[in-house]
Amino acid sequence: MNTGVGTARPRNPEGALERYSDERWNRVIDVNLNGVFATLRAGARLMRPQRSGRMIVTTSVASYLCEPAIGSALHGCQGRRGAPHACGALELAAYQITVNAIAPGFFVTNIGGGHAKQPQVQAAVSKVVPMHRVGFPEDIKGLALFLASPASSYLTGQQISIDGGWTLGVAD
């Protein structure tokens with residue numbers, strides 16, 4: 001992994017465009033695009049007959065923030081993931097079914113082999129996040145509860161970023 005500025009944040013060399021394997025590409029697309037489609041389809045099959053429901057999918061700020069550490073495949077499918085949830089929202093709105101997406105920024109998870117758990121990675125990313133910290137799964141809870149509740153009954157087809165201001169730019 002590189003460690004200089006421009007290369008200041010640790011990057012997975014296997015995520016570089018020229019080194020990205022077909023197997024890795026297909027796995028990321030299968031999980032992140034096909035998985036969302038299958039989830040929405042299953043939800044529609046259950047919720048349309050009852051004429052109500054809430055669907056929440058997870059996308060990523062990678063759908064509109066290019067971050068080389070993430071890699072090409074994730075950007076490719078994240079950009080496309082907006083379409084299934086938005087199209088689902090349009091199709092299901094008349095049935096009082098909402099479909100929204102939570103788009104996390106940099107969160108400490110096991111995704112990507114758990115590199116986000118490394119203190120040096122968190123410190124580097126925190127420098128460019130206006131809130132000066134990375135996200136943790138606990139940070140998503142409130143938004144997910146809101147989207148699942150009656151309080152969001154008139155909100156559909158939206159992708160809501162939860163990223164500590166990362167997509168706004170560097171504040172200081």
Side-chain angles (χ1 to χ4, degrees), residues 25-112 114 116-117 122 125-172:
W25 173 272
N26 290 331
R27 172 80 174 132
V28 171
I29 296 297
D30 192 42
V31 169
N32 291 285
L33 185 58
N34 297 339
V36 169
F37 173 76
T39 299
L40 292 173
R41 180 178 55 201
R45 288 175 177 164
L46 293 171
M47 294 177 189
R48 193 186 299 244
Q50 68 188 25
R51 301 185 65 82
S52 68
R54 302 273 184 276
M55 286 195 238
I56 305 164
V57 298
T58 304
T59 59
S60 171
V61 298
S63 65
Y64 44 84
L65 176 67
C66 188
E67 172 51 60
I70 294 171
S72 300
L74 189 59
H75 284 295
C77 67
Q78 293 298 341
R80 304 267 187 270
R81 281 172 79 180
H85 94 267
C87 290
L90 181 62
E91 181 179 334
L92 298 170
Y95 297 90
Q96 304 308 304
I97 300 167
T98 64
V99 183
N100 291 293
I102 296 174
F106 191 93
F107 271 71
V108 176
T109 67
N110 289 328
I111 295 172
K117 293 182 177 182
Q122 293 176 27
V125 173
S126 294
K127 290 178 183 177
V128 297
V129 174
M131 292 186 82
H132 298 294
R133 70 176 185 88
V134 297
F136 292 89
E138 183 75 16
D139 292 317
I140 294 177
K141 188 186 301 185
L143 179 56
L145 289 170
F146 168 70
L147 291 174
S149 78
S152 68
S153 66
Y154 199 58
L155 180 69
T156 195
Q158 302 305 304
Q159 178 171 280
I160 302 169
S161 297
I162 184 162
D163 65 1
W166 191 19
T167 53
L168 297 172
V170 179
D172 49 24

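The first residue of the sequence shown is numbered 1, and numbering continues consecutively from there.
One finds the OG1 atom of T39 at 10.5 Å from the CG atom of N34 (value rounded to the nearest 0.5 Å). Of the inter-residue distances, the one linking L92 atom CG with C87 atom SG reads 10.5 Å to the nearest 0.5 angstrom. How far CG of L168 is from CG of D163: 6.5 Å, rounded to the nearest 0.5 Å. One finds the NE2 atom of H85 at 11.5 Å from the CG atom of L90 (value rounded to the nearest 0.5 Å).
The two residues L46 and P49 come nearest to each other via the heavy atoms O-CD, 3.6 Å. When all heavy atoms are compared, the tightest approach of L155 to Q158 is CD1-CG, 3.4 Å. Closest approach of T59 and A103 over heavy atoms only: OG1-CB, 3.4 Å. Residues Q96 and R51 come closest through the heavy atom pair CB-O, 3.6 Å. Taking all atoms of both residues into account, the shortest heavy-atom contact from K127 to V170 is O-CG1, 4.5 Å. In this structure, P130 and G164 approach most closely via the heavy-atom pair CD-O, 3.6 Å.
When side chains are defined from C-beta on, P84 counts as touching L33, because their heavy atoms get closer than 4.5 Å. Considering only heavy atoms from C-beta on, V61 comes within 4.5 Å of W166 through its side chain. Contact check for K117 versus N110: side-chain heavy atoms found under the 4.5 Å cut-off. Residues D172 and H132 form a side-chain contact, since some pair of their non-hydrogen atoms from C-beta on lies under 4.5 Å apart.
Counted within 6.0 Å of CD on E138, heavy atoms from surrounding residues, nucleotides or ligands total 12 or fewer; the atom is thus considered open. Residue R41 places its CZ atom among more than 12 non-hydrogen atoms of other residues, nucleotides or ligands, all under 6.0 Å distant.
Residues that satisfy the side-chain contact (heavy atoms from CB on, under 4.5 Å) test with D139, not counting sequence neighbours, are F107, R133, F136. For I56, the side-chain contact (heavy atoms from CB on, under 4.5 Å) partners are I102, L147, A148, not counting sequence neighbours. Residues passing the side-chain contact (heavy atoms from CB on, under 4.5 Å) test with A94: none are found, sequence neighbours excluded.
Looking only at distances, no side-chain donor or acceptor of T98 sits under 3.5 Å from a matching main-chain atom of R54. Of the possible donor and acceptor atoms, one in the side chain of N100 sits under 3.5 Å from a partner among the backbone N and O of G157.
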